[in-house]
Trainee: 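Take this structure first; my questions come after.
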Amino acid sequence: MPRRRIVQKREVLPDPIYNSVLLQQFINSVMRKGKKSLAEGIVYTALDQVKRKANDDPLKVFKKAIDNIKPALEVKSRRVGGSTYQVPVEVNTNRRVSLALRWLISYATARPERAMQDKIASEILDAANLKGGSIKKREDTHKMAEANKAFAHYRW
């Protein structure tokens with residue numbers, strides 16, 4: 001975090017097929033070692049599978065899944081005196097989206113399916129139906145914030 005000036009937020013251009021900025025952020029998160037065309041192929045194939053399985057607009061299902069995963073609260077460590085408290089704080093809107101994308105990818109990677117396309121498609125469908133690992137992660141985060149509500153007055 002720089003001390004001198006505020007870092008400019010980079011503008012993300014929408015993806016070429018669905019014309020969605022959120023989907024482009026997801027593609028950029030899936031990308032490893034600069035292989036964007038590979039990441040695009042994986043995500044677009046996964047969205048085709050979502051379209052076949054859900055019989056609905058894949059972008060709508062994807063947005064619903066992301067909205068279901070977004071956390072409203074999280075805990076941050078706050079050192080007061082000699083002890084550290086887990087203080088519940090509201091999550092910034094940009095951080096909500098980035099956490100949702102990160103959780104979706106990490107729990108899709110942990111799934112047992114063979115191909116990454118299948119893993120992402122299954123996790124998107126599960127998240128849209130309020131199931132899956134990423135939804136459980138959001139629930140755990142909210143439970144942690146709820147359990148530490150007593151320390152909310154340490155918020156800074």
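Fair warning: this is a prediction, and the values are worked out from it, not measured in the lab.
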Trainee: Indicate yes or no for a side-chain donor-acceptor contact from S122 to the backbone of K119 under 3.5 Å, with no hydrogens or angles considered.
Mentor: no

Trainee: For the atom pair CG (L59) and CD1 (I17), what is the distance rounded to the nearest 0.5 Å?
Mentor: 11.5 Å

Trainee: For Q86, what residues pass the side chain to side chain donor-acceptor pair (under 3.5 Å) criterion, not counting sequence neighbours?
Mentor: S77

Trainee: Hey, quick one: are L130 and L99 part of the same hydrophobic cluster, counting side-chain heavy atoms closer than 4.5 Å, chains of contacts allowed?
Mentor: yes

Trainee: At what distance, to the nearest 0.5 angstrom, does CD of Q8 lie from CZ of R10?
Mentor: 11.0 Å

Trainee: Quick one: which residue pairs count as a salt bridge (charged side-chain N to carboxylate O under 4.0 Å, His left out) with a foot in residues 88-106, not counting sequence neighbours?
Mentor: E74-R95

Trainee: K63: what forms a side chain to side chain donor-acceptor pair (under 3.5 Å) with it, not counting sequence neighbours?
Mentor: none

Trainee: Can you give the donor-acceptor pairs under 3.5 Å from side chains of residues 66-73 to other protein atoms, not counting sequence neighbours?
Mentor:
from : atom 1 : to   : atom 2 : distance (Å)
D67  : OD1    : K70  : NZ     : 3.3
N68  : ND2    : K64  : O      : 3.4
N68  : ND2    : A127 : O      : 2.9
N68  : ND2    : A128 : O      : 3.3

Trainee: For K60, check side chain to side chain contact (heavy atoms under 4.5 Å, CB included) against everything at least two apart and list the hits.
Mentor: D56, D57

Trainee: Below 4.0 angstrom, N of the basic side chain to O of the carboxylate: do E146 and K149 qualify?
Mentor: yes

Trainee: For residues 16-26, pull every pair meeting side-chain hydrogen bond (donor to acceptor under 3.5 Å, both in side chains), keeping only residues two or more places apart or in separate chains.
Mentor: Q24-N28

Trainee: Go through the steps for R111 and I120 under the test side chain to side chain contact (heavy atoms under 4.5 Å, CB included), then give the verdict.
Mentor: CA-CA 9 Å; R111 288 179 85 91; I120 289 176; over 6 Å; no

Trainee: Can you measure from OG (S37) to CD1 (I27) and round to the nearest 0.5 angstrom?
Mentor: 11.0 Å

Trainee: Would a hydrophobic clustering, with Ile, Leu, Val, Met, Phe, Trp and Tyr connected at side-chain separations under 4.5 Å, put L38 with L23?
Mentor: yes

Trainee: For Q117, which residues count as a side chain to side chain donor-acceptor pair (under 3.5 Å) partner, sequence neighbours excluded?
Mentor: none

Trainee: Measure the spacing between OG of S134 and CG of D126 and express it to the nearest 0.5 Å.
Mentor: 8.0 Å

Trainee: From W103 CH2 over to K137 NZ, what is the distance, rounded to the nearest 0.5 angstrom?
Mentor: 6.0 Å

Trainee: Who pairs with A152 by side chain to side chain contact (heavy atoms under 4.5 Å, CB included), at least two apart in sequence or on another chain?
Mentor: P88, R155

Trainee: What residues form a side chain to side chain contact (heavy atoms under 4.5 Å, CB included) with K136, not counting sequence neighbours?
Mentor: D140

Trainee: Could you pull out all residues at least two apart from R138 that satisfy salt bridge (Lys or Arg N to Asp or Glu O under 4.0 Å)?
Mentor: none

Trainee: Please, which pairs that meet ring-ring contact (aromatic ring centres under 6.0 Å, His included) have at least one residue in residues 50-90, sequence neighbours excluded?
Mentor: F26-F62, Y85-F151, Y85-Y154

Trainee: Between V91 and V75, is there shared hydrophobic-cluster membership here, with clusters defined by ILVMFWY side-chain heavy atoms closer than 4.5 Å?
Mentor: no

Trainee: Only one of L104, T109, L101, I105 passes side-chain contact (heavy atoms from CB on, under 4.5 Å) with V30; say which it is.
Mentor: I105

Trainee: Which atom pairs, one a donor and one an acceptor, fall under 3.5 Å between side chains of residues 39-55 and the rest of the protein, sequence neighbours left out?
Mentor:
from : atom 1 : to   : atom 2 : distance (Å)
Y44  : OH     : D15  : OD2    : 2.7
T45  : OG1    : G41  : O      : 2.6
Q49  : NE2    : D118 : OD1    : 2.8

